[in-house]
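On a predicted model such as this, the values are computed, not experimentally measured, just so you know.
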Amino acid sequence: MGIVSQEAINQFRALMDQVDEPLQNTFQNIHQGYQTETLVRFLKAREWNLPKSHKMLVDCLHWRVQNEIDKILLKPIVPANFYRGVRDSQLIGMSGYSREGLPVFALGVGLSTFDKASVHYYVQSHIQINEYRDRVILPSASKKHGRPITTCVKVLDMTGLKLSALSQIKLLTIISTIDDLNYPEKTNTYYIVNAPYIFSACWKQVVKPLLQERTRKKIQVLQGSGRDELLKIMDFESLPHFCRREGSGSSRHSEAINCFSLDHPFHQQLYNYIKQQSMMSEPVEPIKQGSFHVDLPEPAAEGTDIAKTIESEFHRIENGNGLSESLNGLKVTDT
């Protein structure tokens, strides 16, 4: 780390020492003892501009206090069968760890329907997974490996992606904005697998040019299920279930548990943790139904532009005007 970078970190730390107690308390929940790594994440998110990074972090702390994010792991989504519907329609899970010790999160982008609950339940569930990752999973991994582990790997499954996904763009933009503003630089690499031609066309011709260079460098579009490439960074047991094809074009899968399912060990541990925390907090009171309300942010300009562009491109393909260009994007290995 250069002298300029270290000086920026020192100045940032001095600024954060001046914030009042409620913000200090929630800041501790963010950094979990790894303050330097947290400050670096916010500096990276604002291209090492200290005033902008400081404002971003202070805004994040205010968001956490105003929305009581520190208490979100005390609020299980009940009843369990309703939560199962959330899990079955918002496909996300954790399949294991990379060889470097980073948690591997899987997202079923193409088959998530977001049609079993209101927006607020999906936002609550997403933030709970973020907070459980940051407060439980990452500190545990850091302790195990004896060094700070503050980021994860994400594998995005595009199986089933089609034009009907347009109806989900608004919700996905809200969720991505929450992450961009409050959980920046938490993902080391995004691996995109099982990409159909419609994604390949939009990615190469439309989306990729709109992304910041820092974001583009993190994204790798892999051929097919990505199995062979992913096995270079993780063991077979950590592969998401949708990446376990035995070879290109093979439809055979291992008997791995669907990591999106509520029955998967990760989701069982997460849900039981939240229920236990709730009972410890309010041992007499029954768990209340209803979503944990979080103020929804205004999408960032970049995210809004990308969403509008994708929507326009999808409609163009649907009308047949962009079909020939889209077919040219079938080869998804050129990223």
Side-chain angles (χ1 to χ4, degrees), residues 87 90-112 126 129-130 132-134 137-138 140-142 144-145 147-161 172 176 179 183 185-200 202-204 207-208 211 214-261 263-267 269-270 329-335:
R87 289 276 55 82
Q90 182 185 34
L91 303 182
I92 182 172
M94 181 179 151
S95 60
Y97 294 86
S98 73
R99 294 196 184 95
E100 294 183 346
L102 276 62
V104 177
F105 282 86
L107 290 83
V109 177
L111 294 176
S112 290
H126 179 81
I129 291 174
N130 280 356
Y132 186 72
R133 174 197 66 197
D134 294 350
I137 298 292
L138 291 172
S140 176
S142 299
K144 177 181 178 181
H145 290 273
R147 59 182 172 80
I149 294 178
T150 58
T151 60
C152 65
V153 169
K154 290 184 179 177
V155 184
L156 281 60
D157 181 21
M158 295 295 169
T159 299
L161 185 68
L172 293 174
S176 66
D179 284 353
Y183 304 92
E185 301 294 319
K186 293 299 294 187
T187 303
N188 185 283
T189 310
Y190 298 88
Y191 295 99
I192 296 174
V193 301
N194 298 320
Y197 81 86
I198 194 170
F199 169 81
S200 180
C202 285
W203 167 249
K204 292 166 65 176
V207 179
K208 189 175 181 180
L211 296 176
R214 187 182 74 255
T215 303
R216 286 200 301 268
K217 288 181 176 179
K218 290 184 176 184
I219 300 173
Q220 295 187 33
V221 182
L222 305 182
Q223 186 172 23
S225 69
R227 177 182 183 271
D228 294 341
E229 288 298 315
L230 291 173
L231 284 175
K232 295 177 181 178
I233 65 161
M234 68 184 75
D235 294 334
F236 184 83
E237 291 72 21
S238 290
L239 282 178
H241 61 281
F242 51 81
C243 295
R244 296 194 178 195
R245 296 189 180 94
E246 295 182 3
S248 299
S250 171
S251 61
R252 291 182 293 171
H253 290 68
S254 70
E255 296 301 316
I257 300 176
N258 184 327
C259 62
F260 302 142
S261 169
D263 298 321
H264 188 275
F266 167 73
H267 282 300
Q269 293 164 11
L270 167 63
L330 271 170
K331 185 179 179 183
V332 298
T333 52
D334 297 333
T335 60

Whether [X] side chain and [Y] backbone form a donor-acceptor pair below 3.5 Å:
{"X": "H267", "Y": "I92", "result": "yes"}
{"X": "S238", "Y": "M234", "result": "no"}
{"X": "K218", "Y": "T187", "result": "yes"}
{"X": "R244", "Y": "R227", "result": "no"}

What I'd like to find out is whether the side chain of [X] reaches to under 4.5 Å of the side chain of [Y], using heavy atoms alone.
{"X": "M94", "Y": "I137", "answer": "yes"}
{"X": "Q269", "Y": "H264", "answer": "no"}
{"X": "T189", "Y": "Y191", "answer": "yes"}
{"X": "K232", "Y": "L230", "answer": "no"}
{"X": "V104", "Y": "C152", "answer": "no"}
{"X": "K154", "Y": "N188", "answer": "no"}
{"X": "H241", "Y": "S95", "answer": "no"}
{"X": "P103", "Y": "L138", "answer": "yes"}

Pair D235 + R99: basic N to acidic O under 4.0 Å: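 Yes.
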Checklist line | Short N-O contact, R147 and E100, less than 4.0 angstrom | finding: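 Between E100 and R147 there is no salt bridge, as every charged N stays at least 4.0 Å from the carboxylate O atoms.
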Measuring from atom [atom1] of [X] to atom [atom2] of [Y], what distance do you get when rounded to the nearest 0.5 angstrom?
{"X": "L91", "Y": "N258", "atom1": "CG", "atom2": "CG", "answer": "7.5 Å"}
{"X": "D263", "Y": "R87", "atom1": "CG", "atom2": "CZ", "answer": "12.0 Å"}
{"X": "L107", "Y": "S112", "atom1": "CG", "atom2": "OG", "answer": "7.5 Å"}
{"X": "H145", "Y": "Y97", "atom1": "NE2", "atom2": "OH", "answer": "8.0 Å"}
{"X": "L111", "Y": "D157", "atom1": "CG", "atom2": "CG", "answer": "6.5 Å"}
{"X": "I219", "Y": "L211", "atom1": "CD1", "atom2": "CG", "answer": "5.0 Å"}

Ring centres under 6.0 angstrom apart (F260, F266):
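Between F260 and F266, the centre distance exceeds or equals 6.0 Å.
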Check: Checking side-chain contact (heavy atoms from CB on, under 4.5 Å) for the pair I129/L270: CA distance, chi angles, key distance, verdict?
Finding: CA-CA 8 Å; I129 291 174; L270 167 63; 3.7 Å; yes
Can you list the steps and then say if V153 with Y190 is a side-chain contact (heavy atoms from CB on, under 4.5 Å)?
CA-CA 6 Å; V153 169; Y190 298 88; over 6 Å; no
Give me the atom names and distance for the closest heavy-atom approach of [X] to [Y].
{"X": "I257", "Y": "P265", "value": "CD1-CD, 4.3 Å"}
{"X": "P196", "Y": "N194", "value": "CD-O, 3.3 Å"}
{"X": "I149", "Y": "A141", "value": "CD1-O, 3.7 Å"}

Q: List the steps, then state whether side-chain contact (heavy atoms from CB on, under 4.5 Å) holds for N130 with K186.
A: CA-CA 9 Å; N130 280 356; K186 293 299 294 187; over 6 Å; no
**Study point:** Evaluation steps, side-chain contact (heavy atoms from CB on, under 4.5 Å), between I192 and M158
**Key:** CA-CA 7 Å; I192 296 174; M158 295 295 169; 3.7 Å; yes
